[in-house]
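Note sheet for the following structure.
Quantities reported herein were computed from a predicted structural model and do not represent experimental measurements.
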Amino acid sequence: MAGYPPPAGYPVPEGYPGASVPLEDTPAQEDILALQVADILALQAVDILALQVADILALQAADILALQAADILALQVADTLALQVVDILALQVADILALQVADILALQARLKGTPVARTMSTLTQVILHLEDTPPQEAAPGGYPAPASGYAYPAAAPPPAQGGYQFVTPGGYPPQPGPGAQGHPGAAPPAAYGAPPGMYTGQTSSYGAPTAPPTLLAAGASPPSHKQEECTGTVHKTPNFDAESDCRVLKKAMKGWGTDENSLIAILGDRTTDELQVLKKMYKTMHGKDLEKELMSELSGDLKYTVKLLMMSRAERDSYCLSKAMAGLGTDEMVLIEILTSRSNQEIEAISSVFEKHNKRSLEAALRSETSATFKKLLTALCQGNRNESAKVDLAKASLDAQTLKKSGEDKWGTDESEFILILCTRSLPQLKATFLEYQRNSKHRSMVDAIESEFSGDLRRGLKAIVEIAMDKQAYFAHRLYRSMKGLGTDDKTLARLVTTRYDVDMVQIKQRFHQKYNQSLGQFIHDDTSGDYRKLLLKLVGGVQTF
C-alpha cells in the first residue's frame with residue numbers, strides 16, 4: 001500500500017521528513033500502551049522493594065536497640081542486686097558479732113573470778129577486733145570473691161573498665177566506656193541528682209557503696225537511726241564557784257539601778273542545773289530568793305526570759321503549759337511543742353510539778369481545754385508511754401506503715417485512733433523507719449503530706465509535729481524559732497521559751513539546721529529582731545551572732 005505523496009513539485013528523498021513511510025512500519029497503538037504499562041509496573045515494583053527494604057532495616061534497628069537496652073538493664077539490675085546482697089550480709093554479720101559479744105560478756109559476768117573468765121576475756125577481745133576491722137577494699141569492677149567462697153565463673157568475669165564487652169561472633173559491638181550516658185560505668189544525667197562521674201552512694205566503679213541510701217530500697221535496710229549526739233551552746237562551767245557568782249549577782253543588784261551586763265555575764269553563761277545551785281547558794285548567803293530579787297530589778301522581755309531561765313526544766317515546761325491554758329482561749333502550739341518533744345521521764349516530772357502548782361492533774365487540764373480527737377492525742381502524749389529503745393524493728397515498721405496506709409489513704413474517711421496509737425507509742429527511731437517505709441508505698445511524697453491530706457485543725461498540727469520531731473528534732477525547733485521571728489513583729493514569748501529550753505541541750509545542732517534551711521545564722525536573726533539587754537541575753541545564750 002502506497003504512502004502519502006509529497007507536495008506537488010517538491011520531490012522528497014526517501015528518509016527525510018515528509019518522505020513517505022510505509023504503514024506497516026508505524027508502531028501500533030497497542031504496543032505503545034504495553035510499553036507504558038510495563039514502565040509503570042517496573043516503577044511500582046521498585047517503590048515496593050524500596051519500602052520493604054526500609055521497613056526491614058527499621059525493624060532490625062529497633063530490635064538491635066531493644067536488645068541492647070535489655071542487656072544494659074539486666075546488667076544494671078544484677079549490679080544493684082549484688083550491692084544489696086552484700087549490704088544485707090554485712091549487716092547480718094555485724095548483728096551476729098554483736099550478739100556473740102553480748103553472750104560472751106554475759107557469760108563472763110557469771111564466771112567472774114574463775115579460771116575460765118580469762119579465756120573468755122581473750123575471746124571477747126578477738127571478736128571485738130574482728131567487728132572493728134574495716135571491710136576489704138573492693139577491686140576495680142566489683143566486689144572481690146570471698147576468701148573461702150566461690151570464685152567468679154570463668155564464663156562471666158566481673159565487668160572490665162570501660163563497660164561490658166560483647167565478643168560473641170556476629171553479636172553486638174563493644175559498649176562505650178565511662179562518659180556515655182546509659183551505659184555501664186557511666187554516670188546518669190546531672191538532672192538525676194548524682195554528682196558527675198559517680199552514682200549516689202557508690203564509688204566510681206562498681207565497688208561497695210560508700211553511703212547508705214536516703215530512702216529505703218526494696219529489700220534493703222533503712223538508714224542508720226543512731227541518735228545524733230547533741231550539745232548546747234552553754235556548757236558546764238569549769239571550776240564552777242557558786243559563792244563567787246552569788247557575790248557578783250548581789251553587787252549587780254545593790255543600790256540604785258541595776259548592772260544588767262554583770263547579770264547577763266553570769267546568767268547567760270550557766271547551765272540550767274548550775275542556776276539551780278546558784279538559787280540555793282544565794283538564799284544560803286543572803287537569806288533572800290534570787291529569782292524574786294531578779295524579778296524586782298528587771299522588766300519587759302528581759303524579765304520574762306530571766307524568769308524562765310531561773311526555773312528547772314520541769315518547772316519551766318509546767319509554767320508554759322499552765323500559761324497556755326490560762327484565761328480565755330488556749331495556745332495549742334505550746335501544748336503540742338512541749339508534749340511531742342519531751343521524754344517519758346520529762347513528761348512525768350512536768351505532770352508532777354503541774355499538779356503541785358495548779359491543784360489538778362495535767363491530764364485533767366488538757367481534757368478541759370481541748371476537744372474531739374485533739375484531746376485524745378494530748379491525753380495519749382501526757383501518759384509518757386512512748387517506747388524509748390534505740391533499736392529498730394524493720395518488720396514492725398513495714399507492718400505499721402501498712403496499717404497507717406489502710407487507716408488513711410486506702411480508707412473512706414480516716415481512722416484517727418490508729419494514727420494516734422502508732423505515733424504516740426513507737427520510739428522516734430522506729431517511727432522514722434516507719435515513715436520511710438510508708439513513703440515507699442504511698443501516693444504521697446512523705447508522711448507529712450499524708451497527714452496534710454487526711455487531717456485538719458489542731459490534730460493535723462499535732463501529728464505533723466510528731467513526724468517532724470521523729471525525722472529531725474533539731475530541724476523542728478529551728479523551724480519554730482524561724483516562725484517566731486518571721487514577718488512583722490516578733491513572738492517574744494515563743495522565742496524566749498525556745499531559747500531557754502534548748503540553749504544547754506541541743507542549740508549547736510539547732511543553729512546548724514537553721515543556717516542550712518534559711519541561709520542565715522540564728523544569731524543574726526535574733527540580732528535583727530530584738531534590742532537592748534534582752535537581745536544581749538539571747539545572743540549570750542545562743543553563742544552570739546555566728547556567721548557560717
Q: Please lay out, stage by stage, how Cys320 and Leu308 fare under the test side chain to side chain contact (heavy atoms under 4.5 Å, CB included).
A: CA-CA 9 Å; Cys320 292; Leu308 294 180; 4.1 Å; yes
Q) Which heavy atom of Val545 sits nearest a heavy atom of His527, and at what distance? A) CG2-CB, 4.0 Å
Q) Charged N to carboxylate O below 4.0 Å: is that the case for Arg502 and Asp506? A) yes
Q | Heavy-atom side-chain proximity of Met325 to Leu335 below 4.5 angstrom | A | yes
Q) Does the side chain to side chain contact (heavy atoms under 4.5 Å, CB included) test come out yes or no for Thr233 and Leu541, once each step is laid out? A) CA-CA 7 Å; Thr233 42; Leu541 292 171; 5.6 Å; no
Q: Start with the C-alpha distance between Glu369 and Thr330, add both sets of side-chain angles, then the distance that settles side chain to side chain donor-acceptor pair (under 3.5 Å), and finish with yes or no.
A: CA-CA 7 Å; Glu369 295 293 331; Thr330 302; 3.1 Å; yes
Q: Please say whether more than 12 non-hydrogen atoms of neighbouring residues, nucleotides or ligands are located less than 6.0 Å from NZ in Lys396.
A: no
Q: Using a 4.5 Å cut-off on heavy atoms from C-beta on, say whether the side chain of Cys424 contacts that of Phe419.
A: no
(Q) Closer than 4.0 angstrom, basic N to acidic O: yes or no for Arg460 and Glu452? (A) yes
Q: Establish, yes or no, whether the cationic atom of Lys517 lies under 6.0 Å from the six-membered ring centre of Tyr482 and within 45° of the ring axis.
A: no
Q.
Quick check: do Met471 and Met447 have side-chain heavy atoms less than 4.5 Å from each other?
A. no
Q | Under 3.5 Å side-chain donor-acceptor pair for Asp415 and Ser417 | A | yes
Q | Short side-chain donor-acceptor distance under 3.5 Å, Glu409 and Ser442 | A | yes
Q: Of all the heavy-atom pairs spanning Gln509 and Thr231, show the shortest one and how long it is.
A: OE1-N, 2.9 Å
Q.
Show the nearest heavy-atom pair for residues Phe374 and Leu459, with the distance to one decimal.
A. CD1-N, 3.9 Å
Q) Do Ile422 and Leu431 have side-chain heavy atoms sitting under 4.5 Å apart? A) yes
Q: Answer with yes or no whether the side chains of Gln474 and Gln512 bring together a donor and an acceptor at under 3.5 Å.
A: no
Q: Mind telling me whether Phe514 and Phe525 have parallel, tilted or perpendicular rings, with 30° and 60° as the class edges?
A: perpendicular
Q. At what distance, to the nearest 0.5 angstrom, does CG of Asn441 lie from NZ of Lys405?
A. 7.0 Å
**Q.** Lys/Arg N to Asp/Glu carboxylate O, Glu337 vs Arg480, below 4.0 Å
**A.** yes
Q | Rounded distance (nearest 0.5 Å) linking atom CD of Gln430 with atom OG1 of Thr425 | A | 10.0 Å
Q) Considering the options Val306, Leu495, Asp492, which one meets the side chain to side chain contact (heavy atoms under 4.5 Å, CB included) requirement together with Asp301? A) Asp492
Q) Less than 4.0 Å between a side-chain N and a carboxylate O, is that true for Arg313 and Asp504? A) yes
Q. Are more than 12 heavy atoms from other residues, nucleotides or ligands located less than 6.0 Å from atom CD of Glu388?
A. yes
Q: Show your reasoning for whether side chain to side chain donor-acceptor pair (under 3.5 Å) applies to Ser368 and Arg360.
A: CA-CA 11 Å; Ser368 68; Arg360 63 173 177 170; 3.2 Å; yes
Q: State, with a plain yes or no, whether a side-chain heavy atom of Leu366 is found less than 4.5 Å away from one of Phe354.
A: no
Q: Mind checking the CG-CG spacing from Leu539 to Leu522? Nearest 0.5 Å is all I need.
A: 8.5 Å
Q: Measure from NZ or CZ of Lys307 to the centre of the six-membered ring of Tyr319, then state whether that distance is under 6.0 Å and the direction lies within 45° of the axis.
A: yes
**Q.** Validation row: Arg386, Ile466 side chains within 4.5 angstrom (heavy atoms)
**A.** yes
Q: Measure the OH-CD1 distance between Tyr476 and Ile510 for me, rounded to the nearest 0.5 Å.
A: 11.0 Å
Q) What distance do Lys540 atom NZ and Arg270 atom CZ have between them, rounded to the nearest 0.5 Å? A) 8.5 Å
Q: Begin with the C-alpha distance, continue with both residues' side-chain angles, and end with the deciding distance and a verdict on side chain to side chain contact (heavy atoms under 4.5 Å, CB included) for Lys432 and Leu428.
A: CA-CA 6 Å; Lys432 185 173 183 178; Leu428 296 183; over 6 Å; no
Q) Do the side chains of Thr494 and Val334 get nearer than 4.5 Å, heavy atoms only? A) no
Q. How about Thr414 and Glu454: does a side-chain donor come under 3.5 Å of a side-chain acceptor?
A. yes
Q | Euclidean distance, Glu437 CD relative to Gln439 CD, rounded to 0.5 Å | A | 10.5 Å
Q. Can you find a pair of side-chain heavy atoms, one from Ser351 and one from Glu355, that are under 4.5 Å apart?
A. no
